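Structure first, then comments.
Fair warning: this is a prediction, and the values are worked out from it, not measured in the lab.
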Amino acid sequence: MKLKFNPDLDYQRDAIESTLAVFDNLSTAGEPYRKLGIANTLTLNPDMLLENLHRVQEHNFIEKSNSLHGAGDDYPFPNFSVEMETGTGKTYVYLRSIFEMNQQLGLRKFIIVVPSVAIREGVLSSLKLMKAHFRNLYDNVPFDHYVYSAKDLSKVRQFATANTLQIMVINIQAFQRDAGDVENYGNLTQDQIKKLSVIHREQDRMSGAKPIEFIQDVRPVLIIDEPQSVDNTAKARRAVNHLKPLFALRYSATHRNPYNVIYQLGPVKAYDMKLVKQISVASIQSQSNVNQTYLKLSKIGYVGKAKTPSASVVIFEDKPNGTKEKSVKLKQGTDLSDHTNRSGYQGYVVNEIYAELGAEYVRFANNVILEPEQEKDGIHDNVIKEQIRQTVEEHFKKERNLQKQGVKVKVLSLFFIDKVANYRYYDEHGNVQKGKIARWFEEAYKEYAASSLFNDLPKRDVEQVHNGYFAEVKKRGKVVELKDTSGNTASDAEVYELIMKRKEWLLDDAVPLRFIFSHSALKEGWDNPNVFQICSLREFGSEKERRQTLGRGLRLAVDANGDRVYDPQVNRLEL
């Protein structure tokens, strides 16, 4: 199947036209041919720019900016912000705005700055999927897009010297590390210079110039995707300044510092306009209060040649952005109340660690006894099992209801888990093993697949309907470990290759995969229109993280022909 893109959605056109209106009546002047490349040459008259900005803000019922550069603005170039709720086509809007600016303003050098590998891969996937769509809209305009790579600096030269539309995608990490050193470049020693990122070092193959100088010379337009994560530090803002852009357009659903807002489509308006799925929240009652003292015995035994056993427990600790797990090593006399700022751990002093095979346990002074993997209070295993069962049940119900309505929409469900090893791990012999979450999922799936309620649904192999996407550690080409990561590491790249660049494949009903398990890889930058259930098996701290999680399933569904489905009875997201 092929995804289809509608060029005539009013709210997207409003966002694009608002962006272009900011630059009304500005002239193109100056010599485009520079020492290192062909530059953008739009003349930004500050008075006219501010007048245009006010007119756009008034038209869109947005509070007018006092000036182009507000208090705390670290940038010498103008910044403009577009707020669009997750799932409403933010990436499409800014990519199409690039083509409009090329057509109407003659701009041809654009850099999309992203905060993570995940978002970078999402943008590259969108460019690939939308390539034919944009060429049809804009008379087959020639353009190139690529990701910045220190291993292929020829792309930087091409970006600068090409006379056609050029779109470069770059991670902020690629050029922010040396923000302070670059400003003091003339005073650095040769050894210090050698330690700089490649983008800031002179290159013989680039006629002695630095890669960043090719970028600076052509005065690119910046598109900053998720700016609250891109330039949220003074160091990052200095790094962005080093690109010497003509101006920047900032796109997010959750701006932290909204510079000169020109368009707003918030969550309430998006919901009222039926641009995103309706949300239903399921509730699971636990026998225990999650605010009680949480304790889990995770390890017990003899380490090395030690004559006495040791153990590790997981407890809770309060952090500014929510409650987090913390691992504590135990020995005789360990007082857990000394290892957390959370109340309720008084009396948990280790009295005994017994680690004879088949009879391992830890006894505390308050007579609480824990065996390996046993938990006390918190979110118990039975609660997690019930969350999985309920998600699987809702998935089957969604498939049955769509089948009855004659709607050919593939249903996907997304799980966020606390630890990769709880879903899949490799044993000491290098063999893959199922963790408890995978086992519980398969039990629930088999139960509902066998239910008479779902007899009319296709029968699928439980082994093929679910998969996890996690960063891997390889030795000699063989996977030896799965990692809990932040989602921003180099080892996450293969995860994104599988899940992000194959969105159309995942939407194909012939592909049996329907249940996706993730630790951190899919927290932002990835979405799929046919995610109808999101189940979080771990705690989320900040409001931003919760909104990012929700955003993975907000897009309106797509049918088997690649067309959007606008029926509100179909577009319901279960949490």
Side-chain angles (χ1 to χ4, degrees), residues 1 117-118 121-122 125 384-385 387-396 398-399 409-427 430-449 457-474 478-485 487 489 491-538 549 552-553 558 574:
M1 66 167 295
V117 176
E121 293 303 324
S125 176
I384 295 176
K385 288 173 73 173
Q387 285 181 274
I388 294 172
R389 288 186 75 260
Q390 185 165 307
T391 302
V392 173
E393 181 182 16
E394 291 299 324
H395 183 104
F396 271 89
K398 189 72 176 182
E399 286 193 340
V409 170
K410 182 179 179 180
V411 178
L412 300 174
S413 294
L414 176 60
F415 291 86
F416 286 95
I417 66 176
D418 56 349
K419 293 179 182 177
V420 172
N422 284 340
Y423 178 80
R424 182 187 295 147
Y425 63 94
Y426 286 81
D427 63 21
N431 299 316
V432 65
Q433 302 291 337
K434 294 175 185 176
K436 60 184 181 182
I437 287 177
R439 295 196 303 271
W440 294 338
F441 167 80
E442 292 191 355
E443 290 171 7
Y445 186 89
K446 290 176 182 177
E447 175 188 341
Y448 286 107
L457 294 178
K459 303 302 179 184
R460 302 184 180 96
D461 183 350
V462 66
E463 299 276 354
Q464 296 183 342
V465 298
H466 70 109
N467 206 349
Y469 293 86
F470 316 114
E472 298 176 343
V473 177
K474 293 183 178 181
K478 183 178 180 180
V479 177
V480 295
E481 184 184 353
L482 298 171
K483 298 174 63 178
D484 296 333
T485 70
T489 66
S491 58
D492 288 300
E494 188 172 334
V495 181
Y496 306 132
E497 176 75 29
L498 285 169
I499 196 69
M500 290 180 161
K501 293 185 177 181
R502 305 179 70 186
K503 187 178 292 188
E504 291 175 330
W505 169 82
L506 188 56
L507 286 169
D508 189 339
D509 189 65
V511 175
L513 178 59
R514 278 158 168 77
F515 297 86
I516 301 163
F517 290 80
S518 172
H519 175 257
S520 58
L522 306 183
K523 67 180 182 180
E524 62 181 6
W526 181 89
D527 56 69
N528 192 292
N530 288 9
V531 169
F532 289 97
Q533 285 77 226
I534 296 178
C535 178
S536 175
L537 303 178
R538 63 185 178 94
T549 304
R552 300 317 104 215
V558 170
E574 185 82 26

Within-4.5 Å side-chain heavy-atom neighbours: [X] and [Y]:
{"X": "Asp509", "Y": "Lys410", "value": "yes"}
{"X": "Gln533", "Y": "Phe515", "value": "no"}
{"X": "Phe415", "Y": "Tyr423", "value": "no"}
{"X": "Thr391", "Y": "His395", "value": "no"}

Between [atom1] on residue [X] and [atom2] on residue [Y], distance to nearest 0.5 Å:
{"X": "Ser536", "Y": "Ile384", "atom1": "OG", "atom2": "CD1", "value": "10.0 Å"}
{"X": "Glu504", "Y": "Leu507", "atom1": "CD", "atom2": "CG", "value": "8.0 Å"}
{"X": "Arg424", "Y": "Phe517", "atom1": "CZ", "atom2": "CZ", "value": "10.0 Å"}
{"X": "Leu506", "Y": "Leu412", "atom1": "CG", "atom2": "CG", "value": "5.0 Å"}
{"X": "Glu399", "Y": "Ser413", "atom1": "CD", "atom2": "OG", "value": "8.0 Å"}
{"X": "Ile437", "Y": "Ile417", "atom1": "CD1", "atom2": "CD1", "value": "5.0 Å"}

**Report entry** Val531 to Leu414 - nearest heavy-atom pair and separation
**Finding:**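 Heavy atoms of Val531 and Leu414 come nearest at CG1-CB, 4.2 Å.
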Report task. Answer with yes or no whether the side chains of Asn530 and Arg514 bring together a donor and an acceptor at under 3.5 Å. Result ->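 No, no side-chain donor-acceptor pair sits under 3.5 Å.
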Requested in this report: Please lay out, stage by stage, how Leu537 and Asn422 fare under the test side chain to side chain contact (heavy atoms under 4.5 Å, CB included).
Outcome: CA-CA 11 Å; Leu537 303 178; Asn422 284 340; over 6 Å; no
Requested in this report: Look at the rings of Tyr445 and Phe396 and say which category their plane angle falls in: under 30° parallel, 30 to 60° tilted, over 60° perpendicular.
Outcome: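 Rings of Tyr445 and Phe396: tilted, 30 to 60°.
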Requested in this report: I would like to know whether Val392 and Trp440 meet side chain to side chain contact (heavy atoms under 4.5 Å, CB included); could you show each step before the answer?
Outcome: CA-CA 11 Å; Val392 173; Trp440 294 338; over 6 Å; no
Query raised in the report: Glu443: what forms a side chain to side chain donor-acceptor pair (under 3.5 Å) with it, not counting sequence neighbours?
Result: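 By the side chain to side chain donor-acceptor pair (under 3.5 Å) rule, Glu443 matches no residue at all.
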Requested in this report: Just jot down the side chain to side chain donor-acceptor pair (under 3.5 Å) partners of Glu442, sequence neighbours excluded, or say none.
Outcome: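 Residues passing side chain to side chain donor-acceptor pair (under 3.5 Å) with Glu442: Lys434, His466.
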